[in-house]
Student: 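Supplied in structure tokens, the structure appears directly below.
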Amino acid sequence: ALVDIKGEAVGLTLLKRYDEAFPMGFQEEFGPRAAVGDIERVEAAQKATTPPINLHRPVESAGNELHLKLYRASEKIPLSNVLPSLENFGLKVISENAYAVEPAGSEDPTWIHDFTMITTDGSEIDVTELRDRFQDAYSRIWTGEIEDDGFNRLVLTAGLGWRDVALMRAYCKYLRQTAITFSQSYMEQTLCANAGIAKALVRMFHVRNDPTYDGDREAVTKKILAEIETALESVSNLDDDRILRRFVNVVVNTLRTNFFQPAQDGSIKDYISFKLDSQKLEELPLPRPLVEVFVYAPRVEAVHLRGGKVARGGIRWSDRREDFRTEVLGLMKAQMVKNAVIVPVGSKGGFVVKRPPAAGPGGVVDREAMAAEVVHCYKTLMRGLLDITDNLVGGKVVPPAKVMRHDGDDPYLVVAADKGTATFSDIANGVSQDYKFWLDDAFASGGSAGYDHKKMAITARGAWECVKRHFREIGVDIQAQDFTCIGVGDMSGDVFGNAMLLSPHTKLLAAFNHMHI
């Protein structure tokens, strides 16, 4: 079989290595020609960091049965690493056999894991049509490029590729941040149970946003919306209907996306960002920003809310993974008031680190590793924002490459430091310069080329002038006369903590902050 398939020279060379390599159990189960294919993958496994994959169906198997082979050099794969992932694809593992292949001259065996599976819902699968899509998605789970959750079932149910599955996951993650009442697992179930609608949603997204699409976008979008509306009439569960309509609403009100932009090296970007028309999104908590950008990746999620086209505000490293948009929205409201004397309106952004480094001995996380991960996540947010922001070149607006714009020119974007990112201005400005953004190192205030508003206590000094004016109006000079006060807020904060230092006559009687309420 080796000579027949590989030719005499290669075949005989491989035969010397593998003529005694396969155990009897394998020989009883599989024929020689199947073994030739396994030899190719065993050879690949000895050089690869992720296990080669072979999805197939034996001739005599039922239409809902699939077989998966995984190849791992040196050591067996723990079942706990495999079973949950396969179940997330909508597959039920019936049995598993592991075979140790020992080529001549190899110190350690290479393990072949052979899984027998059936579809959870009993549906028949066209393995020829599915194979490449499944193997691509499953190998990316091993590398961490995609998340391992129930959305992966859309590969089987809706025939989606891994990138389109990631898109649906990104929209779900955004909706979770808008205080939708449904869990991620429920939304996964709803989309998989209504695979036709999920597929139509992806098709509509492509029609609206793919810059290479040459059809009538508006007419085709209306046609797809009508198809979805017809399909929704047969959805009897009210919660399912609400979920699907929210997905339709958020896709329709996506103003821009970097989904179709390649990375600098031509590869697919490992993050997705989309700009949304917040004013038209349904059930969005008040107050609504003018627009917002959501950035999704397996390692980070982030949001940036803007109250207007010209707005300023900081980016914070949030620890509120489940509701960081709620935190950012509250900060944006405060920023709208604080910024009234600087620029017309405020903005605010935040990101969460989804895959922090694992704790070492004693439960201690390596600080340098953590800092590097935070910077990576912060940079991903900066890139996600600049990917879909207009530039100014010679005073003229230049739209971003490979981005469909469903809004007008929008070139003004600045960020600032906040909790956890106080020293990140130079990092943000470096990303700005990589993109040749028109604001250059003015993209992020502060840094080595600007002034540190925290260090100079600008906010505290401004607040202090207001306090001095208030006391002056009632005949008290607080720079010369003793006075008492109660502090409201954080002692380490801009205003309360720093402003308290500006007069030696301040007598603090009491203080409270969010921990006391």
Side-chain angles (χ1 to χ4, degrees), residues 1-2 5-7 9-11 13-23 25-26 29-30 32-57 66-89 91 93 96-117 127-128 130-149 152 155 161-163 165-166 262-263 265-270 297-299 355 357-358:
L2 277 166
I5 294 169
K6 296 289 187 180
V10 175
T13 302
L14 288 172
L15 185 62
K16 287 179 182 178
R17 276 172 55 75
Y18 287 95
D19 61 344
E20 301 290 337
F22 289 93
F26 183 94
E29 188 70 26
F30 302 99
R33 300 189 78 84
V36 172
D38 288 325
I39 286 172
E40 290 180 3
R41 297 180 184 91
V42 166
E43 292 277 301
Q46 291 166 4
K47 304 167 189 172
T49 53
T50 58
I53 300 167
N54 179 24
L55 185 74
H56 64 286
R57 176 188 292 136
L66 292 168
H67 285 245
L68 176 70
K69 284 183 179 177
L70 297 177
Y71 306 79
R72 180 76 168 269
S74 302
E75 57 185 6
K76 292 176 73 173
I77 302 172
L79 285 176
S80 59
N81 289 5
V82 180
L83 297 188
S85 301
L86 295 175
E87 288 169 0
N88 281 334
F89 276 97
L91 297 168
V93 177
E96 183 260 356
N97 291 306
Y99 305 100
V101 180
E102 302 183 72
S106 294
E107 292 183 8
D108 299 310
T110 295
W111 289 90
I112 300 178
H113 295 263
D114 181 39
F115 296 89
T116 302
M117 310 172 295
V127 69
T128 306
L130 171 69
R131 181 184 289 112
D132 290 345
R133 202 167 55 240
F134 174 88
Q135 291 183 172
D136 192 15
Y138 195 63
S139 63
R140 291 175 189 273
I141 289 174
W142 279 91
T143 60
E145 291 176 74
I146 63 174
E147 293 195 64
D148 190 4
D149 58 27
N152 292 327
V155 173
W162 71 270
R163 179 78 166 158
V165 171
D265 60 3
S267 63
I268 296 171
K269 288 187 173 176
D270 61 357
R299 291 166 66 176
R355 293 181 180 173

Student: Measure the shortest side-chain to side-chain distance between N54 and Y71 over non-hydrogen atoms and say whether it is less than 4.5 angstrom.
Tutor: yes
Student: Would you say the side-chain atoms of R41 pair up with the backbone N or O of P52, donor to acceptor, closer than 3.5 Å?
Tutor: no
Student: Go through the structure and list residues passing side chain to side chain contact (heavy atoms under 4.5 Å, CB included) with T49, not counting sequence neighbours.
Tutor: none
Student: Kindly indicate whether the side chain of L86, heavy atoms from C-beta on, has any atom under 4.5 Å from the side chain of M117.
Tutor: yes
Student: Examine distances only and state if a side-chain atom of R355 and a backbone atom of G144 form a donor-acceptor pair shorter than 3.5 Å.
Tutor: yes
Student: Take W142 and I77 through the side-chain contact (heavy atoms from CB on, under 4.5 Å) test and state the conclusion after the steps.
Tutor: CA-CA 12 Å; W142 279 91; I77 302 172; 3.7 Å; yes
Student: Give me the atom names and distance for the closest heavy-atom approach of D270 to A297.
Tutor: O-CB, 3.5 Å
Student: Would you say that V93 contacts E87 through its side chain, given a criterion of any heavy-atom pair below 4.5 Å between the two side chains?
Tutor: no
Student: Step by step, would you call H56 with D114 a side-chain contact (heavy atoms from CB on, under 4.5 Å)?
Tutor: CA-CA 10 Å; H56 64 286; D114 181 39; 4.3 Å; yes
Student: Report yes if some heavy atom in the side chain of L70 is under 4.5 Å from a heavy atom in the side chain of Y138; otherwise report no.
Tutor: yes
Student: Which atom names give the shortest non-hydrogen contact between S85 and I141, and what distance separates them?
Tutor: OG-CG2, 4.2 Å
Student: I'd like to know if the side chain of T13 reaches the main chain of A9, judged simply by a donor and an acceptor atom lying under 3.5 Å from each other, with no hydrogens or angles considered.
Tutor: yes
Student: Taking S106 for the side chain and E102 for the main chain, is one N or O donor matched with an acceptor at less than 3.5 Å?
Tutor: no
Student: By ring-ring contact (aromatic ring centres under 6.0 Å, His included), which residues pair with F26, not counting sequence neighbours?
Tutor: F22, F30, Y99
Student: Ignoring hydrogens, what is the shortest heavy-atom contact between R72 and P51? Give both atom names and the distance.
Tutor: CD-CG, 4.4 Å
Student: Assess whether a salt bridge exists between E40 and K6, defined as any Lys/Arg side-chain N lying under 4.0 Å from an Asp/Glu carboxylate O.
Tutor: yes
Student: If only atom types and distance count, is the side chain of R17 paired as donor or acceptor with the main-chain N or O of A104 below 3.5 Å?
Tutor: yes
Student: Identify the two heavy atoms, one from Q46 and one from P103, that lie closest to each other, and give their separation to 0.1 Å.
Tutor: NE2-CG, 3.8 Å
Student: Measure the spacing between CD of E147 and CG of N88 and express it to the nearest 0.5 Å.
Tutor: 11.0 Å
Student: Test side-chain contact (heavy atoms from CB on, under 4.5 Å) on R163 and I268; report intermediate values, then the result.
Tutor: CA-CA 9 Å; R163 179 78 166 158; I268 296 171; 3.6 Å; yes
Student: Pick out which of D148, V155, L66, L68 makes a side chain to side chain contact (heavy atoms under 4.5 Å, CB included) with F89.
Tutor: V155
Student: Mind running side-chain contact (heavy atoms from CB on, under 4.5 Å) on L14 and V10 for me, showing each step along the way?
Tutor: CA-CA 6 Å; L14 288 172; V10 175; 3.9 Å; yes
Student: Locate the shortest heavy-atom distance separating K76 from A98; write the atom from each residue and the value.
Tutor: CE-CB, 3.9 Å
Student: D38 side chain to I112 main-chain N or O, any donor-acceptor pair under 3.5 Å?
Tutor: no
Student: Any idea how F115 and H113 line up, ring-wise: parallel (<30°), tilted (30 to 60°), or perpendicular (>60°)?
Tutor: parallel
Student: Would you check if the side chain of E96 reaches a backbone N or O of T116 as a donor-acceptor pair within less than 3.5 Å?
Tutor: no
Student: List the atom of E145, the atom of R140, and the distance in Å for their closest heavy-atom pair.
Tutor: OE1-NH1, 2.7 Å
